[in-house]
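Just the heavy atoms: all of them, side chains too, but no hydrogens, waters or symmetry mates, feed the values below. Numbers here are sequence positions counted from 1.
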Amino acid sequence: MRDKIKNSAKEAIAQIGDGASLMVGGFMGVGTPESLIDALVEKGVKNLTIICNDGGWGNPDKGIGKLISKGQVKKLIASHVGLNPEVGRRMSCDNPDEKMEVVLVPQGTLIEQIRAGGSGLGGVLTPTGVGTLVAEGKQVLNIDGKDYLLEKPLKADFGLIRASKADKFGNCVFYGTTRNFNPLIPAAVSCTIAGAQEIVEAGELDPNSIHVSGIFVDIIVGGEK
């Protein structure tokens, strides 16, 4: 069995460089791999494209908010950014070095785009956003007399997820609301990095309780609180 365990978060994110695209698990910071985010902040990678539920917290910095506050995110695709004032400031900033592009996506649409990316689908059809700013530049299909937007699938170079418990093969379990976006991200990215609260031997997890199969996980590191 290939050894997926890394000794530190710094080692786990070593492959992530400037300009990378990342999908990050979490919902208002719950279920976000904070140790991996901290390692990216320390590394100083920049011009990142982040796909996630939200923009994290701005005060104190939590989750994606840490990367945004440091100016490391060039583009954010998310469904909610109201908890981090720094997002609004960077959206409207005139300084090109600080400006961040923000694409706001209805939450249900966002998760379905991620699901489509992981399932190899060409997109999803949704009535959400028809006749609004969300529809600008998108194809509208009329099916049985009802209009739908064609939303294209989302994929990324790396996925950062937080597991409550993982085994050494990479099978992951998420407790409570940490489950949120985390289970769907691994199939939609080229490399999944799991920050785990607890790592156990392969075979110790109940197969019926596993939320992400280890075949989708490339790197595992402990240390999540």
Side-chain angles (χ1 to χ4, degrees), residues 1-27 29-53 56 62-64 66-67 70 72-73 114-115 117-120 153-225:
M1 184 174 67
R2 180 166 66 91
D3 185 10
K4 302 178 180 181
I5 305 293
K6 300 299 180 183
N7 295 320
S8 67
K10 181 179 180 180
E11 185 181 354
I13 58 94
Q15 300 178 52
I16 302 177
D18 294 351
S21 58
L22 313 176
M23 284 188 186
V24 184
F27 189 100
V30 177
T32 298
E34 298 290 346
S35 64
L36 299 180
I37 298 296
D38 288 341
L40 288 173
V41 170
E42 182 181 354
K43 187 176 181 180
V45 289
K46 55 185 184 296
N47 295 326
L48 298 174
T49 295
I50 303 287
I51 301 168
C52 59
N53 173 70
K62 185 175 181 181
I64 304 302
K66 300 173 186 176
L67 292 168
K70 296 292 184 180
Q72 294 173 261
V73 181
I114 293 173
R115 192 195 309 272
S119 301
L154 288 173
K155 297 182 180 181
D157 301 322
F158 297 92
L160 306 185
I161 64 173
R162 181 201 182 280
S164 301
K165 187 179 288 188
D167 67 19
K168 292 184 177 180
F169 179 65
N171 296 310
C172 295
V173 175
F174 310 99
Y175 293 157
T177 54
T178 66
R179 190 168 175 177
N180 52 66
F181 277 49
N182 280 300
L184 291 180
I185 286 175
V189 300
S190 298
C191 176
T192 298
I193 305 170
Q197 183 176 349
E198 181 183 357
I199 299 176
V200 301
E201 294 295 328
E204 287 190 28
L205 296 178
D206 177 3
N208 295 305
S209 299
I210 292 171
H211 299 129
V212 167
S213 170
I215 62 173
F216 293 109
V217 177
D218 302 280
I219 296 170
I220 312 160
V221 64
E224 285 294 329
K225 298 180 179 180

Is the closest side-chain heavy-atom distance between [X] and [Y] below 4.5 Å?
X	Y	result
Lys155	Val189	no
Cys172	Ile161	yes
Thr32	Ile37	yes

Donor-acceptor pair between Asp157 and Ser190 side chains, under 3.5 angstrom: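 Side-chain D/A pair, Asp157 to Ser190: absent.
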Pairing residues for [X] by the side-chain contact (heavy atoms from CB on, under 4.5 Å) criterion, not counting sequence neighbours:
X	answer
Glu42	none
Leu205	Lys165, Asp167, Asn171, Val173, Val200, Ile210
Lys46	Asp18
Leu184	Ile111, Ile114, Arg115

Rounded to the nearest 0.5 Å, how far does [atom2] of [Y] lie from [atom1] of [X]?
X	Y	atom1	atom2	answer
Leu154	Met23	CG	CE	5.0 Å
Leu22	Ile13	CG	CD1	10.0 Å
Asn180	Arg162	CG	CZ	10.5 Å
Ile51	Phe158	CD1	CZ	13.5 Å
Tyr175	His211	OH	NE2	9.5 Å

If I compare all heavy atoms of [X] with all of [Y], which pair ends up nearest, and what's the gap?
X	Y	value
Leu36	Ala194	CD1-C, 4.5 Å
Lys4	Phe169	NZ-O, 2.6 Å
Asn53	Gly26	CB-O, 3.5 Å
Ala196	Ala166	CB-CB, 4.0 Å

Expected output: side-chain Lys43 to main-chain Ile16 donor-acceptor under 3.5 Å: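 Present.
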Set of residues satisfying ring pair (Phe, Tyr, Trp, His ring centres under 6.0 Å) with respect to Phe27, sequence neighbours excluded: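 For Phe27, no residue satisfies ring pair (Phe, Tyr, Trp, His ring centres under 6.0 Å) once neighbours in sequence are set aside.
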Intermediate values then yes/no, side-chain contact (heavy atoms from CB on, under 4.5 Å), Asn182 and Val212: CA-CA 9 Å; Asn182 280 300; Val212 167; over 6 Å; no
Run the side-chain donor-acceptor check on residues 213-225: report pairs under 3.5 Å with partners two or more places apart or on a different chain.
unit_1, atom_1, unit_2, atom_2, d
Ser213, OG, Ile215, N, 3.3
Asp218, OD2, Thr192, N, 2.8
Glu224, OE1, Glu34, N, 3.2
Glu224, OE2, Glu34, N, 3.4
Glu224, OE2, Ser35, N, 3.0
Glu224, OE2, Ser35, OG, 2.4

